[in-house]
Every structure is written in structure tokens, then in C-alpha cells.
Protein chains: 2
Amino acid sequence: MDRVPDEPAKQTRRDQILAAAAELFARHGFHGVGIDDIGAAVGISGPALYRHFRSKDAMLGEMLTSISERLLEGGQSRVAASNDPEHALRELIRWHVDFALDDPALITVQIRNLANLTDPDRRRVRALQRRYVEVWVETIRKTSPEVEEPTARAAAHAVFGLINSTPHSAHLDRDQMATLLSQMALASLAGALP
Amino acid sequence: MDRVPDEPAKQTRRDQILAAAAELFARHGFHGVGIDDIGAAVGISGPALYRHFRSKDAMLGEMLTSISERLLEGGQSRVAASNDPEHALRELIRWHVDFALDDPALITVQIRNLANLTDPDRRRVRALQRRYVEVWVETIRKTSPEVEEPTARAAAHAVFGLINSTPHSAHLDRDQMATLLSQMALASLAGALP
DNA sequence: CCGTGCGGTTAACGGCCGTTTACGTGCACT
DNA sequence: AGTGCACGTAAACGGCCGTTAACCGCACGG
């Protein structure tokens, strides 16, 4: 069978494990999932995971830092590609909505399992999250310059909460959900900030 | 010292334990808190808790059912006391905002630790939550009758997410936060639903 | 006084679960 | 062909932690 040489199967196994673990962590919580459960989810069993990860904590750490990095980088690039702040804000909203709808498990894990991280991992993740929030805060303040920074920050967190609610509902199909959440997010900012 | 006879100290101990446990569960997660930690938080140590609760699971169960009951009952009574749907919706928002601001730990625990409940407890809590959501859905659909029920339900979940974001920010003082969240919640509904 | 029971203590048990160890197997590369 | 590494397995270890046991003091109604 034809193989693509520049995309080794090596990466695939790690990612497969991370994806399965994310799903399980989201559903049962970090401590509610055993190493054997994760192994079983990818067809290998138990301690075989230690060929790919140093520890269970390392799996969570890698998972959360990669989410945070993807969120931050995506947000930054959308803002950079926009001319006016209003457009940038719409793009940020769309970006976050798409992310939450496409990877609900990752969103859930990131929200619920920060406390289970190792101290250095938690510091790293929090730093990335802070920078992501700052991207939002700056954009919000450019669209409404008279709003104070703490208010903008609180508003940003509120919008995150709104968009991240997606894993708990999911009654609509993807596109309807995307436009609903985007509209609500935009309206909550436009309607509540002076 | 003068004691009030109709408010026995007996209830106080249980409630004191539940409050301390809620704080700890919110910060470290259910499994991240030991029975000894909870005891230490109220000045007694370890297994003494079993004089007041059947098990650690029972503590979480009682905590979550009582939150859900309070939320539901408060929501129902606000709606019942309102004449027009617009007023009812504003009251619902205010009620939920006040609850989230006054008991951030309880909100956090309810969101994060549903998975740690015993099966019968989880059924009970979910049933209460469903009824609470229905109160919101009905009110939303009375204010905008042309919106479909699944859309209203998704919008309600989104607003919960928005308001429940409070424990993660808290940069503003209570009153500013309350008006900000209320305005954002109202705007997200008014601005996004036809 | 005196038992009774409530609320507390410390010590021990027992299971779950992350991690380590020792061991196999097959593909890749001289 | 043979060497070695990548990847798996099964079994044993070890600690943490919820729960139980055994024991104790003190308030309080007869």
C-alpha cells in the first residue's frame, strides 16, 4: 500500500492516545479514568502507554498545553489578518466557536481539569490562557475604547463561558449552533458595553 | 450567652461541613480532596465526618441536590411572581446571577462534578436541572414565540455558561459584576433571537 | 449519681490504580 | 543472518485513601 514518507505513523499513535484520553477525561474526569481504560480505548492494554508518555499526568499536561497553544495561535492570527477591530472581534468569536464545536471534549477537559495538572504544567497553561485572554481584551477595548480593562476582561471570560457551554447542550446541528452562539456572543458584547 | 432555641446547633455542623467541602471540591476537584482535608477544614479530623454523613459520595450528593433544588425553586417563584414574560426573564437572569455571585464554589462544583455522583443521585440532580432549564425555555419562548424549542434550550444553556463564568474571573466588585453579567445575558438573548 | 448516646479520637484494613519490571516479538538495517 | 530497537504483554509492587473498629469523654435526664 502507498505510504506517505513524510508523515510517519509514529505521531499517529500518540495523537490517537491523546484523542481517546481527551474523550474519556471529558466524560468521567481525570481521576475517573484509569490507565487501563485509556489503553483499552486504543486497543492496547494498560502499561503499554508508558512507551509513549512518561506518566498519566504528562498526558494531561501535553493535552492542555497543546489546546492552549492552538487557541492562542489561532486567535492571534485571526486578529493579525483583520483590519478593523469590529472585524477582528467577529473573527475571534467565530474562531472560538468553531474550536468549541469541533473539539467539545478538549474544551471540557481544559475547563474542568486545570486543577489536576502538575504545578509547572499548570503555570505554562495559565500563562498561555492569559495571553489568549489579552488578545480578546485588546480587541474588545479597540471596539469600545471607553470600557475599562477589568470590565473587558470579565466580559471576555463571560463570552468564553457562553461559547464553551456547547458540550452541555448540542441539541442543534453544527451550523445552527455556530450561528446561534456567534450571534449571542456578539450581541452580549455589543449590547452590554457602552 | 443567649441562645436561640429554635435554631439548633445540630444542623450547623452538617452545613458547616458541606460548605467547607464545597469550597475544597471547587478548588481541587472531588477526587483531589481527601476525607482528612475536609475534616481539617472544620477543625475535626478524618473519620469523624462519618458521624454526620454516610459516605463521601453522600456529601456530594446532598450538596448537588440541594443546589439544584434551590435553583429550581428560586426560578419558579420569580417567574410566578412576574406578570409579563420580559419581566420574568429579567428576574430569572437576576436570580441566577445573584446565585452565582454569592455561591461561586457551589456553582463550580455543580458544573464540574456531576460525573462523580452516584447513579441515583445523578438521576435526581439531572431531573431537577432539566426542570430548571424548562422554566427558562418556557420564559424565553413567551418573550419570542417564533423561536423553536431546541434553539431556546441551546440559548438557555449558553446563558448559563455566560453567568457561571463568574468563578473564573471575579476581577470586578460584586455589584459591577452583577450588572455586567445581567446586561450581557439579556443582550445575548434579545440580540440573537428573532 | 449514673447510664446513655452523641460526637470525637487513633489505629488498622483493604482495594484501587499508577508505575515498574521482566519478558516476548517482529520489522529494519547493515 | 543477526543485531537492535520499537512496541506490546502480564505480573508484581506500593502508596494513597475511603471506610470501619475500638475506644473515650462529656452533657444530661432519671
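Note that the coordinates shown come from a computational prediction; the quantities given were computed from them, not determined experimentally. Any value given below was found using the heavy atoms of this structure, including those in side chains, with hydrogens, waters and symmetry copies removed. Lettering follows sequence order; numbering is per chain, from 1.
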Distance, rounded to the nearest Å, where [X] contributes [atom1] and [N] contributes [atom2]:
| X | N | atom1 | atom2 | value |
| --- | --- | --- | --- | --- |
| A:Ile44 | D:dA10 | CD1 | C1' | 14 Å |
| A:Ile38 | C:dT19 | CD1 | C1' | 13 Å |
| B:Ile17 | C:dG7 | CD1 | P | 10 Å |
| B:Gln16 | C:dG7 | CD | C1' | 13 Å |
| A:Leu49 | D:dA6 | CG | C1' | 15 Å |
| A:Met59 | C:dG18 | CE | P | 10 Å |

**Study point:** Non-neighbouring partners of B:Phe30 that pass ring-ring contact (aromatic ring centres under 6.0 Å, His included), sequence neighbours left out
**Key:** B:Phe25

Point to revise | Short side-chain N/O contact from B:His52 to OP1 or OP2 of C:dC6, under 4.0 Å | key: no

Exercise for review: Can you sort out the partners of A:Arg51 under salt bridge (charged side-chain N to carboxylate O under 4.0 Å, His left out), two or more places apart, ordered by chain and number?
Suggested key: none

Practice item. In plain terms, say whether A:Arg14 and A:Glu62 are close enough for a salt bridge, that is, a side-chain N and a carboxylate O under 4.0 Å apart. Key: yes

**Study point:** Position toward the 5' end of DNA chain C (nearest nucleotide), A:Arg51 or A:Gly46
**Key:** A:Gly46

Under-3.5 Å N/O pairs linking protein and nucleotides 16-18 of chain D:
from   : atom 1 : to      : atom 2 : distance (Å)
D:dG18 : OP1    : B:Val33 : O      : 3.4
D:dG18 : OP1    : B:Lys56 : NZ     : 2.9
D:dG18 : OP2    : B:Ile35 : N      : 2.7

Check your understanding: How would you list, by chain and number, every residue that makes a side-chain contact (heavy atoms from CB on, under 4.5 Å) with B:Ala41, sequence neighbours excluded?
Key -> B:Ala20, B:Leu24

**Study point:** side-chain contact (heavy atoms from CB on, under 4.5 Å) against A:Ala19, all qualifying residues, sequence neighbours excluded
**Key:** none

Exercise for review: List in numerical order all residues of residues 114-122 of chain A for which some heavy atom is under 4.0 Å away from an atom belonging to DNA chain D.
Suggested key: none

Practice item. Sorted by first residue and then second, give each side chain to side chain donor-acceptor pair (under 3.5 Å) pair with at least one member in residues 172-184 of chain A; sequence neighbours left out. Key: A:Asp98-A:Arg174, A:Asp102-A:Arg174

Point to revise | Pairwise side chain to side chain donor-acceptor pair (under 3.5 Å) hits with a residue in residues 19-30 of chain A, at least two apart | key: none

Review point. Where the side chain of B:Pro47 is concerned, which of D:dA21, C:dG7, D:dT9 is the nearest nucleotide?
Key: D:dA21

Check your understanding: Can you find a side-chain donor-acceptor pair between A:Gln129 and A:Arg126 that sits under 3.5 Å?
Key -> no

Check your understanding: How would you list all residue pairs meeting ring pair (Phe, Tyr, Trp, His ring centres under 6.0 Å) that involve residues 164-194 of chain A, not counting sequence neighbours?
Key -> A:His171-B:His157

